[in-house]
Amino acid sequence: MPFTCEREELGVQDLLSAISDFVWGPFLLIPLLLLTGLYLTIVLRGLQFHKLFYALWLALIRRKEAEGVGDISHYQALSTALAATVGVGNIAGVATAIHLGGPGALFWMWVTGLVGMATKYSEAFLGVRFRRADAKGEQSGGPMFYLTYGVGGKFGAILGVLFAVFGALAAFGIGNMVQSNSVADAINSQWGVPMWLTGAIITVLAAVVILGGIKSIGAVTSAFVPVMIVFYILGALWIIIANLGNLPEALALVFADAFTGTAAGGGFAGAGVLLAIRYGVARGIFSNESGLGTGGIAAAAAKTNEPVRQALVSMTQTFIDTLIVVSMTGLAIVVTGVWRSGETGAPLTTSAFSHGLPGQWGGIVVTIGLIFFAFSTLLGWAYYGERCMDRLFGRGAVVPYRLVFIMLIFVGTVLELQTVWTFSDIMNGLMALPNLIGLLLLSGLVVRETRAYFNRPDWDKVPAVEPR
């Protein structure tokens with residue numbers, strides 16, 4: 001019987017892997033995500049490039065505005081989105097992409113991030129534009145709403161429901177059990193703490209924040225997300241500076257390998273251009289979530305009367321996640337030369353940090369980074385999942401969903417999660433499909449209202465918040 005059960009489990013895993021490979025393969029999501037981002041970049045006239053500095057000022061300096069409906073500030077909405085996206089993918093995902101696709105995968109992650117900023121802008125714009133107040137008076141928005149009310153009709157309603165179902169399920173996996181398991185495993189490997197004990201601690205900590213709703217999540221993430229990102233970046237910069245002589249060669253390798261391919265997996269397996277593109281794009285999307293639609297959910301909670309302003313703030317999330325944090329991990333791996341070691345995932349990133357930091361500090365920095373990144377992702381995805389449930393069943397489903405989500409945090413730390421990983425990949429992909437359809441159908445609205453906003457003579461005048 002055990003043999004039969006094992007064979008059945010392997011059969012399920014093989015089936016899920018085949019589905020995941022198709023969904024995230026070169027014939028479905030990868031070209032659709034890239035081409036959608038490129039199309040939105042063109043019709044928005046490269047808005048993510050010529051408005052980037054203003055967007056960063058709005059997000060990080062101004063942070064909030066006095067007028068508008070919403071539950072949290074611009075900055076807190078951005079922090080919630082960053083909390084959900086800056087996660088395991090920034091440490092383990094980048095390393096896996098370089099291991100399987102060669103250094104050129106980092107270039108394609110950059111490309112994904114650059115065009116993904118236009119996608120994220122559009123998601124956030126529509127998230128605010130079509131948001132609704134729930135039964136408690138809190139703002140609820142995202143693809144499940146702009147598909148239903150923006151696309152409209154029976155087709156839009158079906159797309160909205162499908163997104164909400166896939167989003168609620170994906171939150172249990174990629175936004176929950178996968179993250180808690182990564183934290184528990186990292187702490188166990190670094191300090192020998194039993195995984196169940198770590199699970200109990202992070203479950204209690206997460207429960208305190210999640211049960212408080214979006215205002216609690218926004219307050220916590222706005223406080224520690226900047227700290228965790230700066231902490232990790234400083235560690236990576238130390239390594240890059242310590243290997244500064246190798247940086248020009250590393251950058252040249254990244255750009256050349258993106259179009260020629262080279263050896264990956266320790267120099268034994270040939271990784272062609274298609275592999276670099278496939279893993280670079282797939283892991284780039286896994287990291288910044290542009291195209292998945294989640295950014296629109298966080299944006300909808302922001303206090304503003306102008307969808308364009310929050311959309312500008314939200315697109316900086318992709319810039320920070322991919323063009324900064326992902327770059328730090330990728331360059332640390334390439335400049336130290338450990339990408340040829342044959343290791344993959346978090347151990348490869350740990351190896352890179354260990355080459356540049358003294359003593360055991362490399363492993364410590366990566367472990368602490370992983371803890372913060374994964375824990376913050378739990379908080380962000382808890383909110384995404386509950387908003388999907390609100391769309392499906394109303395406000396009454398939110399608290400039960402939170403309780404199940406919290407329970408699964410502990411479950412994730414004590415189970416083997418290979419099947420959960422694969423299932424989560426599929427759910428993420430299935431989230432992206434209705435969302436991308438909606439973005440393409442509603443792109444005309446996004447362009448018209450964006451141009452109308454920037455044609456105003458006072459478009460850059462943000463309502464000031466009176467000091468207390």
Side-chain angles (χ1 to χ4, degrees), residues 69-72 77 80-81 84 123 126-179 203 206-218 289 292-302 377-412 420 423-424 426-435 437-438:
V69 176
D71 305 307
I72 55 178
T80 300
E123 292 172 341
L126 293 170
V128 176
R129 176 70 168 71
F130 291 99
R131 64 186 176 178
R132 298 285 191 277
D134 66 14
K136 195 178 177 181
E138 294 182 351
Q139 293 300 308
S140 193
M144 56 280 195
F145 287 90
Y146 60 71
L147 291 170
T148 300
Y149 301 110
V151 175
K154 186 176 292 186
F155 182 59
I158 292 172
L159 290 178
V161 169
L162 286 175
F163 179 89
V165 170
F166 298 143
L169 291 174
F172 287 141
I174 207 68
N176 186 326
M177 290 189 285
V178 166
Q179 305 297 328
T203 298
V208 171
V209 181
I210 291 169
L211 291 175
I214 185 57
K215 292 183 179 180
S216 173
I217 293 172
E289 297 181 10
L292 264 62
T294 52
I297 302 176
T377 300
L378 285 169
L379 304 182
W381 271 89
Y383 181 66
Y384 295 161
E386 74 169 54
R387 292 298 93 189
C388 289
M389 291 297 288
D390 173 64
R391 168 65 182 85
L392 292 171
F393 304 110
R395 179 74 196 195
V398 168
V399 172
Y401 183 87
R402 289 175 182 170
L403 294 174
V404 173
F405 189 94
I406 291 166
M407 178 187 69
L408 289 178
I409 293 173
F410 179 79
V411 173
V420 174
F423 178 77
S424 301
I426 296 170
M427 289 300 103
N428 274 162
L430 293 178
M431 286 171 64
L433 288 174
N435 179 57
I437 293 170

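Predicted model, so just to flag it, every value in this text is computed and none were measured.
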Checking [X] now: which residues fulfil side-chain contact (heavy atoms from CB on, under 4.5 Å) with it, not counting sequence neighbours?
| X | value |
| --- | --- |
| A432 | L29, L292, L436 |
| T203 | I406, I409, F410 |
| V165 | V161, L169, L392 |

>> Test of understanding: with salt bridge (Lys or Arg N to Asp or Glu O under 4.0 Å), list the residues that count as partners of R395, not counting sequence neighbours.
In response: D134, E138
>> Under the rule for ring-ring contact (aromatic ring centres under 6.0 Å, His included), what residues qualify as partners of Y401, not counting sequence neighbours?
In response: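 For Y401, the residues satisfying ring-ring contact (aromatic ring centres under 6.0 Å, His included) (neighbours in sequence not counted) are F172.
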>> Could you work out, with ring-ring contact (aromatic ring centres under 6.0 Å, His included) as the rule, every residue matching Y383, not counting sequence neighbours?
In response: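 Per chain and number, Y383 pairs via ring-ring contact (aromatic ring centres under 6.0 Å, His included) with no residue.
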Measure the spacing between [atom1] of [X] and [atom2] of [Y] and express it to the nearest 0.5 Å.
| X | Y | atom1 | atom2 | result |
| --- | --- | --- | --- | --- |
| F163 | C388 | CZ | SG | 5.5 Å |
| T377 | Q179 | OG1 | CD | 4.5 Å |
| L379 | I214 | CG | CD1 | 10.0 Å |
| L433 | N428 | CG | CG | 11.5 Å |

Any side-chain heavy atom of [X] sitting closer than 4.5 Å to one from [Y]?
| X | Y | result |
| --- | --- | --- |
| I297 | P143 | yes |
| D390 | F145 | yes |
| M427 | I174 | no |
| L211 | L403 | yes |

Short question: side chain of [X], backbone of [Y] - any donor-acceptor pair under 3.5 Å?
| X | Y | result |
| --- | --- | --- |
| R131 | A300 | yes |
| S216 | V209 | yes |
| E386 | V399 | no |
| R132 | F130 | yes |

> Yes or no on side chain to side chain contact (heavy atoms under 4.5 Å, CB included) for L162 and M431, after CA distance, side-chain angles and deciding distance?
Replying inline: CA-CA 8 Å; L162 286 175; M431 286 171 64; over 6 Å; no
> Is the W381 ring parallel, tilted or perpendicular to the Y384 ring (thresholds 30°, 60°)?
Replying inline: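 Aromatic pair W381/Y384 classed perpendicular.
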>> Before you tell me yes or no, could you show the steps for T294 and E123 under side chain to side chain contact (heavy atoms under 4.5 Å, CB included), namely the whole-Å CA-CA distance, both residues' side-chain angles and the distance that decides it to 0.1 Å?
In response: CA-CA 8 Å; T294 52; E123 292 172 341; 5.8 Å; no
> Stepwise, does the side chain to side chain contact (heavy atoms under 4.5 Å, CB included) test hold for F155 with I437?
Replying inline: CA-CA 11 Å; F155 182 59; I437 293 170; 4.2 Å; yes
